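Throughout, a chain's letter reflects where its sequence line sits, starting with A, and its residues are numbered from 1. Only a predicted model underlies this, so the values are computations on that prediction, with no experimental measurement involved.
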Amino acid sequence: MEIKIQLTNASICERLPAPTSGVGAGAWVDFRGVVRGEENGAVIAALEYEAYSPMAEMEMRRIIAELAGDHHCLFVRVIHRVGIVPVGEAAICVGVAARHRAEAFALLAGFMNRLKQDVPIWKRRALTATELTELKTK
Amino acid sequence: MEIKIQLTNASICERLPAPTSGVGAGAWVDFRGVVRGEENGAVIAALEYEAYSPMAEMEMRRIIAELAGDHHCLFVRVIHRVGIVPVGEAAICVGVAARHRAEAFALLAGFMNRLKQDVPIWKRRALTATELTELKTK
Amino acid sequence: MRVLFFAHLKDITGCAEMNLPGGDLDADGLWQKLIEAHPGMEQVRASVRLAKNSEYVGRDACFTDVDEVALIPPVSGG
Amino acid sequence: MRVLFFAHLKDITGCAEMNLPGGDLDADGLWQKLIEAHPGMEQVRASVRLAKNSEYVGRDACFTDVDEVALIPPVSGG
């Protein structure tokens, strides 16, 4: 299984490469977790994410390897954004390819659950539209 | 909830539109079911799909509406290809957007299970490389 | 009534559809006529579901001259 | 040893990291020193996990001068 993990400050709208023949993958799943316009009931314009990068990457890799023991997949790619992520943009993209869909769905769902328990990444704070504008004009 | 269903003879590599802000969707999932290079143990070059189109579209819409009762989603799009689908190309693309990932995962998994039980679409036959070439040169 | 055949049912009947003339039929009556026309249909009867005007119907369904009836063998989409 | 603080722990300590001089420590000893330096840490102790050199460790962990220790408050990625 191929695992690619990346933390980045840049926009992560791109998705998994188009399926290529020959890899034996019958199921490709892409998940994007997008920042929503409200956080705890308040209207927001962005979230700021913080990561303990080396540990976050190791932990994601460890979780995926562990889950792959039960749900064999061919390819897993995770990109998590850090820093300011405006509403409507993806904070995380996960792409999974497997022979059959059941493995891909199970690995993806399991990974997202474990991510939210164990991977040292935090929503540091929510920014209002004014705060976001101020940051951009600095 | 917005539901878009399409059966098409054309390639369906395209995926869900990029997330736009304001729709309230926090989770976007794209699934592609890709034709694998073997069917029942034999090496193949393509599958031919056949559909009872009006019923297939109605049935997909009905299944999604039913599943959405338990798993509220904001947007569901299904494109199923019919006719010859070469190995490595997608036979089906399903895109689901929801407020949170749990609903999107549940609707997607439930839809794929029901599709394979109830939607009148068939793998009509598997084509070898020779058969596929012959078809193309006709 | 118009009767549609899909997938391998077309190999059995040799056609994609047929017209069944004569009045109303229940499901058993429909199968009887189909098997008369295409004896090979008998062996697939247990695995085939019936649809009327693009919706699955049960054993108690009735079919009239204006209905479009479809014979749905086990599906395999996706 | 180098000790790293993340998320709201930085608000409590006023810094992203500190150096804890002096020899080996077990988890309890580490917490004692941290609370001495930053009394506000006491209230978050129950919810914070410890990591040593980028891996979670349990209550029985030991830390030496060369270790990088991270205090991991409840995470919220994704």
Requested in this report: Quick one: do B/R77 and B/F75 satisfy side chain to side chain contact (heavy atoms under 4.5 Å, CB included)? Show the steps, please.
Outcome: CA-CA 7 Å; B/R77 191 181 70 170; B/F75 178 71; 4.0 Å; yes
Among residues 57-78 of chain C, which residues come closer than 4.5 Å to chain B, judged by heavy atom distances?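 The residues closer than 4.5 Å to chain B, in numerical order, are C/E68, C/A70, C/I72, C/P73, C/P74, C/V75, C/S76, C/G77, C/G78.
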*Interface moiety of B/I121 toward chain C, non-hydrogen atoms closer than 4.5 Å*: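 For B/I121, the contact with chain C is made by backbone and side chain together.
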I'd like to know if [X] pairs up with [Y] as an ion pair, taking the criterion as any Lys NZ or Arg NE/NH1/NH2 lying under 4.0 Å from an Asp or Glu carboxylate oxygen.
{"X": "C/R49", "Y": "B/D118", "result": "yes"}
{"X": "C/R45", "Y": "C/D28", "result": "yes"}
{"X": "B/K123", "Y": "B/E39", "result": "no"}
{"X": "B/R61", "Y": "B/E59", "result": "no"}
{"X": "B/E89", "Y": "B/R81", "result": "yes"}

Begin from the C-alpha positions of B/R114 and B/E66 and carry the test salt bridge (Lys or Arg N to Asp or Glu O under 4.0 Å) through to its verdict.
-> CA-CA 11 Å; B/R114 294 287 304 275; B/E66 197 183 311; 3.3 Å; yes
- Who in residues 44-58 of chain B is close to chain C, using a strict under-4.5 Å heavy-atom cut-off?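 Residues B/Y49, B/E50, B/A51, B/Y52, B/P54, B/M55, B/M58 are the ones that qualify, each having a heavy atom under 4.5 Å from chain C.
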Would B/R124 and C/K10 satisfy side chain to side chain contact (heavy atoms under 4.5 Å, CB included), going step by step from the backbone distance to the final call?
CA-CA 10 Å; B/R124 181 72 170 104; C/K10 289 193 284 200; 4.0 Å; yes
**Asked** In terms of ring plane angle, is the pair C/F6 and B/W122 parallel, tilted or perpendicular, where the classes change at 30° and 60°?
**Response**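 C/F6 and B/W122: parallel rings.
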Practice problem: Test side chain to side chain contact (heavy atoms under 4.5 Å, CB included) on B/I63 and B/V119 and set out the steps. | Solution: CA-CA 9 Å; B/I63 289 168; B/V119 177; 3.7 Å; yes
